[in-house]
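Heads up: the structure comes next, in structure tokens.
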Amino acid sequence: MISYQNRIRASSNSVLMPSWEPEYINYKIGPKYMKTDLVLLHAPSVYDFRKKSIMFGPMSDLVPSTPIFEMYPIGFLTMANYLSRRGINVRIVNLAYRMLADNNFDVEKFIKALDPAAFGIDLHWLPHCQGSTEVARIVKKYHPAAPVIFGGFSSSYFYRELIEFDQVDYIIKGDSTEEPLYQLIRAIKSGNRDGLKNIPNLVWKENNKICDNPITNISGDLSEIDFDYRFMFKEVLKYRDIKSIVPFIDWFRYPITTIPVVRGCNNECSGCGGSRSAFKRFGRRIKPSFRDPKKLVDEIKVIQKHIKAPVFLLGDLNNNGSEYVRDFFKYAKGLDREIQIFFEFFEPPDNSFFDMAADAFSNVCYEISPDSHDEGIRRKMGKSFSNKDLKTCIKYALDSGAVRFDMYFMTGLPGQTKESINETVDYCKDIFEHIGWDRRFMPFISPMAPFLDPGSRAFEDPEKFGYRLTRRTLKDHIEAITMPSWKYILNYESMSINTDDLVGATYYAAMGLNRLKGRSGGISKELMAANQERIIRAQKVMDEIDDTMKIKDKLSREEKLKDLKEKTHKYSLSTVCEKKELEFPLFSRSFNWIEIIKSTLERCPRT
């Protein structure tokens, strides 16, 4: 979905460390006298990943984070900003990052030292199901009286099962949690539970009874939703703890920022848990709400004032019509023309989009996800545009001065065979030939993993889309995410391709695209060779895991898997491509420390 880079390096006392961090990175938890109302905790996908041997493979190759999914949801910023403006003291703690950056980081000791009125834990993306519930258990171990609040897409979908967990006190359903969370924190601080029944979207426990308030808070006007990254700077000063606020493992070296365009979606991609029907199913949202284009531009201005780095607009501007697009570019004329900016498309836009973008910016990247080269499979995914339109779009974008055009394919799609996956390489070769082997075109491929999204049409009606679900409940997925390789983690089987062929074809296609990018000059010959070697070795590790899984004695099997830990870790990072390929090609970054210091000293206005 989002295309970033995440280079990592090992150190003697850590699992992974960022390649650059400021010298003051080691500040402690913070002043004990400072009472926090709410601590938002982001857990790793698997809590004990530092001990377990899991071959996550290419599951996270095309997103900014590692397979630990240490990037906390952007909603943390909107909630924190919303509550802070209303006098609620909020702290964000990225436990996943802390655990990833320092092998000696003691999670339980850290959590024990916290003392908020309540804890909030995201279960937004389903891969966090094990990590989030385990972190909640630890919170309850040391703070049995402190309420634990869950939220996010997956929390909303599985709320009936999740609320039964002993370590979960509250769940806020839906995609609009800011106001319900504000009301809940006020109720918790006052000690008055009588008003809980009036808080929209809330699920809670009362005398061993589950109480379920309807979802009535569905944001239509997003004027009070802010993606203001200045909150991060204030957090650092307030708690003297920069590590806990870092968005993902290599953010200081590549501090790309994301600004969402919309809540909800107009599209019906069959495997997506953020599709129109999925939003309606878990959040009662009937139509998407788009953010004011002027506000989008204002937020970009604020970001660029503090950090000169790439900006990614999450969501397709075109989904709200041509007038919305024109308004955005009208306001964008007030931005620095040299900023580095990413646009994503759900379908090829009109040529006028590229004309307006070229008029406003000189450093623009685009990306689109056709999913498959096969138009029939693409239609099953819910996308109807043609290959001809796609090819024309890419050519026009490059001719209009795009510095890059990324294209994302997936494996494991409805009706997709081994042969179809392999044909992806030939299709991309045809595009390269059409554009004269322009190195600015960058194709990628990864599996639809680890899960079919709950709430998606394919999850709700798997047979219609050619699947058999192997995992349905939240507890099923908690068990799945700790399996020894991504082949065993998948929550589906395809009727068109067996799992072994799916794994093999994914790696085969990745090697083919790697060779094409090497030939075009999109990546160096050295990187092309390194990628191919890494993919081959990853396949061999997968084979070793398969052989190990045949061992009938459980203890012997687990010991053998532990012996593979170093390999599984190594070949779960940048498997099908080097994450550096995902970086903005003209990338440069600089932090304006004077403006950052000014922002940290400003008081947040209260409403």
Side-chain angles (χ1 to χ4, degrees), residues 1 57-59 61-62 126 265-278 281 345-348 367-391 393 407-431 443-472 477 480 486-513 516 542 576:
M1 180 178 67
M59 293 195 319
D61 276 3
L62 304 185
L126 192 53
C265 190
N266 278 323
N267 301 302
E268 275 286 38
C269 299
S270 59
C272 181
S275 63
R276 184 175 68 238
S277 59
R281 184 170 287 111
F345 305 130
F346 296 154
E347 60 182 45
E367 62 176 57
I368 193 169
S369 301
D371 296 333
S372 171
H373 72 285
D374 186 310
E375 293 180 359
I377 294 174
R378 193 180 303 153
R379 282 192 294 271
K380 291 179 182 178
M381 285 296 292
K383 303 178 180 182
S384 59
F385 55 85
S386 69
N387 286 336
K388 180 181 178 181
D389 289 344
L390 190 57
K391 186 185 291 187
C393 160
M407 184 180 293
Y408 297 99
F409 297 92
M410 296 178 69
T411 64
L413 303 177
Q416 191 181 50
T417 63
K418 176 182 177 180
E419 292 73 26
S420 179
I421 294 172
N422 294 342
E423 288 167 2
T424 307
V425 180
D426 293 331
Y427 173 72
C428 290
K429 181 181 178 182
D430 180 61
I431 293 180
F444 301 93
I445 194 166
S446 67
M448 187 159 59
F451 306 132
L452 276 179
D453 287 351
S456 68
R457 291 188 295 146
F459 187 90
E460 299 302 315
D461 191 2
E463 291 79 13
K464 177 180 178 181
F465 295 93
Y467 296 115
R468 185 180 73 85
L469 284 187
T470 56
R471 315 274 181 174
R472 285 188 177 271
H477 289 90
W486 67 273
K487 170 184 171 181
Y488 301 98
I489 292 174
L490 297 175
N491 69 348
Y492 66 91
E493 292 176 351
S494 170
M495 298 176 187
S496 304
I497 184 173
N498 65 52
T499 306
D500 287 332
D501 284 345
L502 171 60
V503 171
T506 298
Y507 287 127
Y508 175 87
M511 284 194 287
L513 297 185
L516 294 178
M542 292 286 285
V576 295

Atom CZ of Arg457 and atom NZ of Lys464: how far apart are they, to the nearest 0.5 Å? 6.0 Å
About how many Å separate OH of Tyr488 and CE of Met542, when rounded to the nearest 0.5 Å? 7.5 Å
Measure the CD1-OG1 distance between Ile445 and Thr424 for me, rounded to the nearest 0.5 Å. 4.5 Å
Shortest non-hydrogen contact from Ser372 to Leu413? CB-CD1, 3.8 Å
Is the closest side-chain heavy-atom distance between Pro447 and Trp486 below 4.5 Å? yes
Check whether any side-chain heavy atom of Arg472 sits under 4.5 Å from a side-chain heavy atom of Pro454, and report yes or no. no
Any donor-acceptor pair under 3.5 Å linking the side chain of Tyr492 with the backbone of Met448? yes
In Å and rounded to the nearest 0.5 Å, what is the CD to CZ distance from Glu375 to Phe385? 9.5 Å
Checking Phe409, Tyr408, Phe444 against Ser369 for side chain to side chain contact (heavy atoms under 4.5 Å, CB included), the one that qualifies is Tyr408
Does Asp374 reach the main-chain N or O of Ile377 with its side chain, forming a donor-acceptor pair under 3.5 Å? yes
Which pair of heavy atoms, one from Ser446 and one from Pro58, lies closest together, and at what distance? CB-O, 4.1 Å
Nearest heavy-atom neighbours spanning Tyr507 and Gly57: OH-CA, 4.4 Å
Look only at the side chain of Thr470 and the backbone of Asn491, and say whether a donor-acceptor pair between them is shorter than 3.5 Å. yes
Which residue pairs pass the salt bridge (Lys or Arg N to Asp or Glu O under 4.0 Å) test with at least one member in residues 496-509, sequence neighbours excluded? Lys487-Asp500
Return the minimal non-hydrogen interatomic distance between Lys418 and Ala505, and the atom names on each side. CG-CB, 4.2 Å
Heavy-atom closest pair, residues Pro443 and Cys428: CB-SG, 3.7 Å
So, taking the atom named CZ in Arg281 and the one named CD in Glu460, what distance separates them when rounded to the nearest 0.5 Å? 4.0 Å
Between the CG atom in Asp426 and the CD1 atom in Ile431, the distance rounded to the nearest 0.5 Å is 11.5 Å
Looking only at side-chain N and O atoms, does Glu268 offer a donor or acceptor that is under 3.5 Å from a partner on Ser277? yes
Counting only heavy atoms not in Tyr508, do more than 12 sit closer than 6.0 Å to its OH atom? no
Once side chain to side chain donor-acceptor pair (under 3.5 Å) is applied, what residue pairs with a partner in residues 382-391 remain, sequence neighbours excluded? Asp371-Lys383, Arg378-Asn387, Ser386-Asp389, Asn387-Tyr427, Lys391-Asp430
Set out, in order, the CA-CA distance, both residues' side-chain angles and the distance that settles side-chain contact (heavy atoms from CB on, under 4.5 Å) for Arg471 and Phe451, then state yes or no. CA-CA 9 Å; Arg471 315 274 181 174; Phe451 306 132; 5.6 Å; no
How far apart are the closest heavy atoms of Ser494 and Tyr467, and which atoms are they? CA-CD2, 4.1 Å
Are Met407 and Pro370 side-chain neighbours, meaning at least one heavy-atom pair lies under 4.5 Å? yes
Any Leu502 side-chain heavy atom under 4.5 Å of Thr411 side chain: yes
